[in-house]
Novice: 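Can you keep this structure in mind? I'll have questions shortly.
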Protein chains: 2
Amino acid sequence: MNEAAPQTRIQKRNTRVILDAALEIFSQHGFRGATLDQIAQAAGLSKPNLLYYFPSKEAIHVALLSGLMDTWLDPLRRLDPEGDPVEEIVGYVRLKLQMARDFPRESRLFANEIVQGAPRILDQIEGPLKALVDEKAAVIGTWAEAGRIAPLNPHHLIFSIWATTQHYADFDAQVRGILPADAAPFEEAETFLADFFRRALSIR
Amino acid sequence: MNEAAPQTRIQKRNTRVILDAALEIFSQHGFRGATLDQIAQAAGLSKPNLLYYFPSKEAIHVALLSGLMDTWLDPLRRLDPEGDPVEEIVGYVRLKLQMARDFPRESRLFANEIVQGAPRILDQIEGPLKALVDEKAAVIGTWAEAGRIAPLNPHHLIFSIWATTQHYADFDAQVRGILPADAAPFEEAETFLADFFRRALSIR
DNA sequence: ATTTCGTTTGACCGTTTGGTCAAATCCGGG
DNA sequence: CCCGGATTTGACCAAACGGTCAAACGAAAT
């Protein structure tokens with residue numbers, strides 16, 4: 001079997017269906033809390049059929065995580081060293097919040113994994129993720145040194161952006177439990193976070 | 001059995017030992033990922049002995065969550081309406097960050113629970129937690145209206161404090177994977193967050 | 001029509017898991 | 001020292017779980 005090149009279109013379709021179902025289940029229950037039967041049912045397939053496309057439960061999980069990592073990092077990659085510093089960062093905040101709104105399952109998948117020590121993706125964190133963050137932190141650092149934004153630790157600034165935006169996906173249950181029933185968390189958050197980061201960053 | 005008043009001192013000791021062991025295991029693996037055998041071993045007791053003190057695995061989990069909720073909310077309760085607005089809020093940030101540093105297991109326990117939809121504590125969130133947050137948000141709201149801090153949505157300001165501080169406990173694996181090996185995440189975070197919130201809040 | 005290869009499944013297996021129970025052990029008060 | 005209730009445990013159970021396998025099915029090509 002040629003693993004590098006997935007062949008038939010039915011194979012492509014089923015792996016997609018499986019990964020989507022697995023995302024739904026894993027993000028809701030975590031790796032250990034999810035069962036192959038649940039994933040199989042959500043995918044509309046039988047359990048042995050799942051294991052025809054993926055060798056194990058863990059293989060599905062790993063495939064999900066590494067396949068999603070790129071998408072997840074994309075907004076940060078777009079932070080432009082040539083742009084206006086405050087607008088670039090606030091724009092990144094907005095993009096990240098939109099991702100939390102539009103892809104909450106992906107956010108919770110990572111959250112589940114990292115809260116439990118990131119056993120399956122620690123190497124990806126220490127490798128490509130760290131490299132990208134270091135690169136962009138350096139950009140923000142030069143902005144700070146040039147006096148174009150407030151002098152704040154760039155790495156921790158990035159952490160604060162991740163924390164505040166992903167909060168609305170990962171802790172959705174808490175946010176909605178506290179806000180009034182008719183509130184629109186993500187719309188309110190967009191206004192708040194844009195103001196908030198703009199105030200913290202701009203030099204006056 | 002009188003449930004309202006735990007009797008013997010051996011009962012008190014063992015329930016404490018069990019809850020501490022359960023905190024360790026649940027916070028590392030989540031509810032579904034933790035096993036009674038793991039908890040029993042961590043507590044130095046046999047599995048049937050655990051179930052002599054608690055009727056079920058879920059009962060241990062619930063006891064932990066509700067017992068910790070009070071402690072967890074204490075810093076917010078101390079936010080003083082009569083104090084200096086910016087200093088009160090920055091002080092709250094500091095306290096919350098210290099809790100993340102000193103009680104990461106508690107933080108991760110809640111994180112695990114809420115990420116998965118808070119099925120076991122949704123009523124506590126919508127009840128006492130919401131009440132306290134609404135009360136303190138109102139205080140912050142009057143500060144904002146009086147022009148003593150920047151005009152920011154109080155509820156979302158509180159969310160941003162929770163998100164940024166708990167991030168260092170819940171996503172510790174990621175933070176340490178990205179920061180240099182010799183970094184001191186919590187010390188850096190204290191400086192960063194104090195500056196950050198002070199800049200965002202203060203009127204200049 | 002037959003071959004061939006990709007796909008699907010019912011039945012099954014060994015292990016793990018939460019929980020039970022009767023019997024044994026411990027321990028303080030009389 | 002003895003008694004009765006509190007405590008502890010080895011043995012056990014049923015269900016759930018991840019995973020296997022041989023057999024059946026499907027469809028396209030010859």
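Within every chain, numbering begins at 1; the chains are lettered A, B, ... in the order of the sequence lines, protein sequences first and strands thereafter.
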Novice: Touch check for A:A40, heavy atoms < 4.0 angstrom, all strands: base, sugar-phosphate only, or nothing?
Specialist: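 A:A40: no heavy atom of the nucleic acid under 4.0 Å.
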
Novice: Whole angstroms only, please: what is the NZ-C1' distance between B:K57 and D:dA16?
Specialist: 12 Å

Novice: Measure OH/A:Y53 against P/D:dG19 and give the value in whole Å, please.
Specialist: 18 Å

Novice: Examine the base of C:dG18 for any acceptor or donor lying under 3.5 Å from a partner atom in the side chain of B:K47, and report the outcome as yes or no.
Specialist: yes

Novice: Expressed in angstrom and rounded to an integer, what is the separation of A:I10 atom CD1 from D:dA28 atom P?
Specialist: 10 Å

Novice: Salt bridge or not for B:K130 and B:D134, using N-O below 4.0 Å?
Specialist: yes

Novice: What is the distance, to the nearest angstrom, from the CG atom on A:D37 to the C1' atom on D:dG18?
Specialist: 9 Å

Novice: Tell me whether the side-chain N/O atoms of A:Y52 come closer than 4.0 Å to OP1 or OP2 in C:dT8.
Specialist: no

Novice: Would you kindly give the CZ-to-C1' distance between A:R32 and C:dG18, to the nearest whole Å?
Specialist: 12 Å

Novice: Is the shortest side-chain N to carboxylate O distance from A:R16 to A:D20 below 4.0 Å?
Specialist: no

Novice: Of all the nucleotides listed (D:dT8, C:dT7, C:dA11), which has the minimum atom distance to the side chain of B:N14?
Specialist: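 The answer is D:dT8.
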
Novice: Does B:R176 come within less than 4.0 Å of B:D172, counting only side-chain N to carboxylate O?
Specialist: yes

Novice: Between A:Q41 (CD) and D:dC17 (C1'), how many Å, whole number?
Specialist: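 That distance rounds to 15 Å.
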
Novice: Whole angstrom is fine here: how far is it from CG in B:L50 over to P in C:dT20?
Specialist: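 In whole Å, C:dT20 P and B:L50 CG are 13 Å from each other.
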
Novice: Should the heavy atoms of other residues, nucleotides or ligands under 6.0 Å from OH of A:Y53 be counted, would the total exceed 12?
Specialist: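 Enclosed.
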
Novice: Would you kindly give the CG-to-C1' distance between A:L51 and C:dG10, to the nearest whole Å?
Specialist: 15 Å

Novice: Using a strict cut-off of less than 4.0 Å between a Lys/Arg side-chain nitrogen and an Asp/Glu carboxylate oxygen, indicate whether B:E88 and B:R78 qualify as a salt bridge.
Specialist: no

Novice: The side chain of B:S56 lies closest to which of these nucleotides: C:dT8, C:dT20, C:dG19?
Specialist: C:dG19

Novice: Taking the side chain of B:P48 as its heavy atoms from C-beta onward, which of C:dT9, C:dG6, C:dC21 lies nearest to it?
Specialist: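 Of C:dT9, C:dG6, C:dC21, C:dC21 is nearest to the side chain of B:P48.
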
Novice: Counting only side-chain N and O atoms of A:Q11, is one of them less than 4.0 Å from OP1 or OP2 of C:dT7?
Specialist: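 Yes, such a contact exists.
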
Novice: In terms of the nearest nucleotide of DNA chain D, which residue is placed more toward the 5' end: A:L36 or B:L45?
Specialist: B:L45

